[in-house]
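What you are looking at is a predicted structure, and each value in this text was computed from that prediction instead of being measured.
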Protein chains: 2
Amino acid sequence: MKRNSRLSLALHTLGHMAGDPDRRRTSADIAAHAGTNPVVVRRVLGHLRDAGILISEKGHAGGWCLARAPETISLADVYVALDESLVASDSDAQVPACSVEHALHRRVASVLEEVEQTLIQRLGETSILSIRGN
Amino acid sequence: MKRNSRLSLALHTLGHMAGDPDRRRTSADIAAHAGTNPVVVRRVLGHLRDAGILISEKGHAGGWCLARAPETISLADVYVALDESLVASDSDAQVPACSVEHALHRRVASVLEEVEQTLIQRLGETSILSIRGN
DNA sequence: CTATGATGTAACTTCGATGATTACAAGAAT
DNA sequence: ATTCTTGTAATCATCGAAGTTACATCATAG
């Protein structure tokens, strides 16, 4: 795998599911296709399950599938479900000994906050249908 | 030091310089104030020198100072000088064996590209004067 | 002209974050 | 009961970035 891999893995998998929503996939299948490990798949997709995007079932014939229609799932849903953040909020809770650090933090944090909102809004405009397979 | 540390270190230092532009600072001074190592300081500030934001001089009484008036230096100047990128362009040059990966990459890359432009624009609206000390 | 004090940079070490792996419990269907 | 799946804890491996050491280079003081 590679950089920003959790989000990549999640969106990649959802794209395939959007193209064939009835098929149930095991974490082993998904891992093989994505070139990673089943446990990693379960960890990442687990967040999507908790967010109501996916359903997982144990046992024979178990596996993963979409919890709702693909057109109702946006890229932003996935992004927030994974608790991704470009912002790196950096809340060290360190009492900033220095006034420059103080001012700096406030300025930069506000800009990043705004940018993050822009990102989520833009991601919200696209559903996983637009990256579906088949 | 901590997260996103190159940008933090650079802006922190520039904030102090903006508040007292005539004082020349050695990398040892800066490192002590920032709680890091002189070599790290030289590495980071070296990029700012290459970008025409700082001047460094060797020898006795050498050190670092602003190359131009602080009000002409924006946070975006620093950001691009350090070659920072939220985008993580991820150009693995891997031939995407899979159509979903293809579509996914295109979509996400375009959104990130746009967001990065927004970020740079917003950072460009603020000069290092607004985070100065003293 | 030599000593000193600064930067420039290469090389190596350390550290932290994160993915990969192993192991096993739990649950569901055949 | 067996088999196949997920859930999860614990550990290992890897990689990037910061930290460190070492030393060459250069400028100035004296």
Q. B:Ile55 CD1 to C:dG8 P: how many Å, rounded?
A. 12 Å
Q) Of A:Gly46 and A:His60, whose nearest nucleotide on DNA chain D comes first from the 5' end? A) A:His60
Q. Considering only D:dT6, D:dA18, C:dG8, which nucleotide approaches the side chain of A:Lys58 most closely?
A. D:dT6
Q: When you get a sec, tell me which of D:dC26, D:dT5, C:dT21 is the closest nucleotide to the side chain of A:Arg43?
A: C:dT21
Q: Look at the side-chain heavy atoms of Ile, Leu, Val, Met, Phe, Trp and Tyr, link any pair under 4.5 Å apart, and say whether A:Leu7 and A:Val80 land in one connected group.
A: yes
Q. Can you tell if the side chain of B:Asp83 reaches within under 4.5 Å of the side chain of B:His47, non-hydrogen atoms only?
A. no
Q. CZ of A:Arg6 versus P of C:dA20: gap in Å, rounded?
A. 12 Å
**Q.** Most 5' of A:Pro38 and A:Ala61 on DNA chain C, judged by nearest nucleotide
**A.** A:Pro38
Q | Nucleotide of D:dG19, D:dG7, D:dA18 approaching A:Trp64 most closely (side-chain heavy atoms) | A | D:dG7
(Q) Quick check: on DNA chain D, is the nucleotide nearest A:Gly62 upstream (toward 5') of the one nearest B:Arg42, or the reverse? Name the residue that is more 5'. (A) A:Gly62
Q) Which listed nucleotide (D:dG19, C:dA23, D:dA22) is nearest to the side chain of A:Val39? A) C:dA23
Q. Taking only side-chain nitrogens and oxygens of A:Ser5, does any of them come within less than 4.0 Å of OP1 or OP2 of C:dT18?
A. no
Q: Check whether any side-chain heavy atom of B:Tyr79 sits under 4.5 Å from a side-chain heavy atom of B:Leu119, and report yes or no.
A: yes
Q: Mind calculating the distance between CD (A:Glu57) and P (C:dT30) to the nearest angstrom?
A: 12 Å
Q) Does B:Thr126 offer a backbone N or O that forms a donor-acceptor pair with the side chain of B:Ser130 under 3.5 Å? A) no
Q) Between C:dA6 atom P and B:Asp29 atom CG, what is the distance in whole Å? A) 8 Å
Q: Whole angstrom is fine here: how far is it from CZ in A:Arg25 over to C1' in D:dT5?
A: 16 Å
Q | Side-chain N,O (B:Ser27) to OP1/OP2 (C:dT7) below 4.0 Å | A | yes
Q: Look up atom NE2 in A:His105 and atom NE2 in B:His12, then write down how far apart they are to the nearest 0.5 Å.
A: 12.5 Å
Q: Output yes when at least one side-chain N/O atom of A:Arg49 is less than 4.0 Å from OP1 or OP2 of D:dG7, else no.
A: yes
Q | Nearest-Å distance for atom pair CG/P, residues B:Leu82 and D:dA18 | A | 10 Å
Q. Between C:dG8 atom C1' and B:His47 atom NE2, what is the distance in whole Å?
A. 13 Å
Q: In whole angstrom, give the distance that lies between atom CG of B:Asn37 and atom P of D:dT20.
A: 5 Å
